[in-house]
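Order of the sequence lines sets the chain letters (A, B, ...), proteins ahead of strands, with each chain counted from 1. Predicted, not measured: the structure shown is a model, and the values here were computed from it.
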2 protein chains.
Amino acid sequence: MGRWEPNARGRLEEAAMNLFQERGYDRTTVEEIAARAGLTERTFFRYFADKREVLFWGAGELRKLIVSTIVEAPEETSPLDAVAAALEATAPVFKERREYARARQALIVAHTDLRERELIKLAGLASAAADALRGRGVTEPAASLTAEAGIAVFKVAFERWVGDPKSQDLSRHIRTTLDELKAVTASTGTSTANPRQPAKRAKAPRR
Amino acid sequence: MGRWEPNARGRLEEAAMNLFQERGYDRTTVEEIAARAGLTERTFFRYFADKREVLFWGAGELRKLIVSTIVEAPEETSPLDAVAAALEATAPVFKERREYARARQALIVAHTDLRERELIKLAGLASAAADALRGRGVTEPAASLTAEAGIAVFKVAFERWVGDPKSQDLSRHIRTTLDELKAVTASTGTSTANPRQPAKRAKAPRR
DNA sequence: TCCTTGATGTCAGCTACTGACATCACCTTC
DNA sequence: GAAGGTGATGTCAGTAGCTGACATCAAGGA
């Protein structure tokens with residue numbers, strides 16, 4: 001556990017996850033995390049901007065993946081389909097670490113602090129996706145709206161994937177959730193006109 | 001400035017806003033806010049759970065308004081229309097305090113901390129709206145999706161309202177943004193099938 | 001007048017986070 | 001292979017957000 005052991009970041013990340021699960025997120029101090037990784041508190045903060053960030057480090061990679069998928073989508077692909085493809089492209093990342101993702105999600109839903117951080121990361125993904133769409137010539141506000149709608153789909157789909165005992169693929173959840181969104185937004189007339197029809201209840205695919 | 005002046009909460013809120021604008025959010029300490037309101041730091045934390053919360057206190061009222069609007073919507077109203085109506089119902093709240101809303105928004109966009117808090121408040125509104133929809137018999141995942149989509153619309157519409165030099169009504173922005181969302185989600189086939197048509201670019205209403 | 005109650009103050013303390021500076025392992029260069 | 005440079009780490013002191021425990025004070029009722 002000498003001063004120059006390799007992979008300090010990884011050690012910190014692992015120590016943090018272990019401690020969070022053993023004693024809970026807020027009963028774990030940064031000093032303890034660092035100690036378990038054989039480092040000092042000060043060094044922890046050189047790798048992670050704050051205590052929460054140790055759980056959200058991966059977002060940068062997701063962002064790149066999403067942006068590149070949108071950028072490289074065939075020109076004829078509609079904005080919403082491009083975003084959907086980008087979200088689906090992230091599925092393998094989670095599939096490989098399903099148990100980690102599940103444990104992490106359990107921590108997040110239990111702690112408001114962490115939920116805040118997750119939401120701003122998702123918002124960051126939405127904004128990156130909107131940028132990429134604008135790069136394809138999509139104008140505002142369609143770009144932002146499409147990106148935000150995509151993220152809304154992702155949120156719901158991800159929750160269902162995490163809780164899905166059958167472990168269906170995340171991209172399947174994304175596709176069905178997107179279809180649900182389309183159904184929900186298509187079920188009435190223009191909002192500026194009076195709705196002409198009684199609510200058509202969306203058929204929920206079994207949960 | 002005696003110990004028992006009335007409206008401690010209001011004084012704290014006002015002192016905070018003033019100081020944030022004078023010297024910036026993070027160069028203002030809670031102690032300073034309390035001092036300007038003629039109180040102590042400890043008392044500040046009895047009214048607000050944390051420093052950020054002083055800017056988000058109103059969310060509880062918004063939540064009630066949104067929920068009651070959804071609950072009281074005519075039975076035939078579609079879920080999305082009910083949510084849209086609920087969002088529009090909040091417009092007067094902001095209209096009365098347009099300048100305050102603008103100043104507050106400027107602070108929020110400039111500080112990541114505050115953006116995080118705003119996002120979790122919006123997520124809270126979405127979840128309350130989803131509850132209300134379920135109370136109307138809407139099943140999952142349609143309820144969550146409709147609520148999330150509504151919040152996405154609100155985010156975009158609110159940004160545009162804040163930046164709109166013509167000061168059009170917020171509810172107008174909400175309606176047009178909702179129409180944009182419908183256009184965006186309607187422009188392609190089902191995501192489970194291959195998109196049959198080249199992207200139909202959404203017509204962006206002049207910005 | 002006394003007593004209860006609720007709002008406020010005081011104080012001590014923890015923890016997240018930061019700036020400044022020292023130290024150490026390793027690598028290059030002569 | 002000694003000297004010096006470089007980047008990662010440690011040390012230390014300090015600030016600010018936030019909390020628990022307890023004291024104090026104003027107001028209203030018995």
- Mind listing the residues from residues 110-120 of chain A sitting with a heavy atom below 4.0 Å of DNA chain C? Number order is fine. none
- Could you provide the dot-bracket string of DNA chain D, using ( ) for intrastrand pairs, [ ] for crossing pairs and | for bases paired to another strand, with Watson-Crick or G-U pairs below 3.5 Å? ||||||||||||||||||||||||||||||
- Message: At less than 4.0 Å, is any side-chain N or O atom of A/Y47 found next to OP1 or OP2 of D/dT9? Yes or no.
- Response: yes
- So does A/T43 get a side-chain nitrogen or oxygen closer than 4.0 Å to the phosphate oxygens (OP1/OP2) of D/dG10? yes
- Task: Could you tell me the separation between the CZ atom of A/F45 and the C1' atom of D/dA8, rounded to a whole number of Å?
- Result: 18 Å
- Starting at atom CZ of B/F44, determine the distance to atom P of D/dT19, rounded to an integer number of angstrom. 11 Å
- Message: Using a 6.0 Å cut-off, check whether atom CD of B/E41 has over 12 heavy atoms from anything other than its own residue.
- Response: yes
- Tell me, yes or no, whether the heavy-atom count around A/R115 atom CZ, taken from other residues, nucleotides or ligands under 6.0 Å, exceeds 12. no
- Message: Using a heavy-atom cut-off of 4.0 Å across all strands, would you classify B/F48 as base, sugar-phosphate, or nothing?
- Response: nothing
- Minimal non-hydrogen separation, B/F154 against B/L122, with atom names: CD2-CD2, 4.1 Å
- To the nearest 0.5 Å, what is the distance between CG (A/D81) and OG1 (A/T146)? 10.5 Å
- Task: Could you tell me whether a side-chain N or O of A/R11 sits under 3.5 Å from a main-chain N or O of A/R36, the two making a donor and an acceptor?
- Result: no
- Message: For the backbone of B/Q168 and the side chain of B/W161, can you confirm whether one donor and one acceptor N or O come within less than 3.5 Å of each other?
- Response: yes
- Report yes if a donor N or O on one partner sits less than 3.5 Å from an acceptor N or O on the other, where the partners are the side chain of B/R46 and the base of C/dG9; otherwise report no. yes
- Can a donor-acceptor pair under 3.5 Å be found between the side-chain atoms of B/R42 and the base atoms of D/dG20? yes
- Item | Any residue of residues 25-32 of chain B with a heavy atom less than 4.0 Å from an atom of DNA chain D | B/T28, B/T29, B/V30
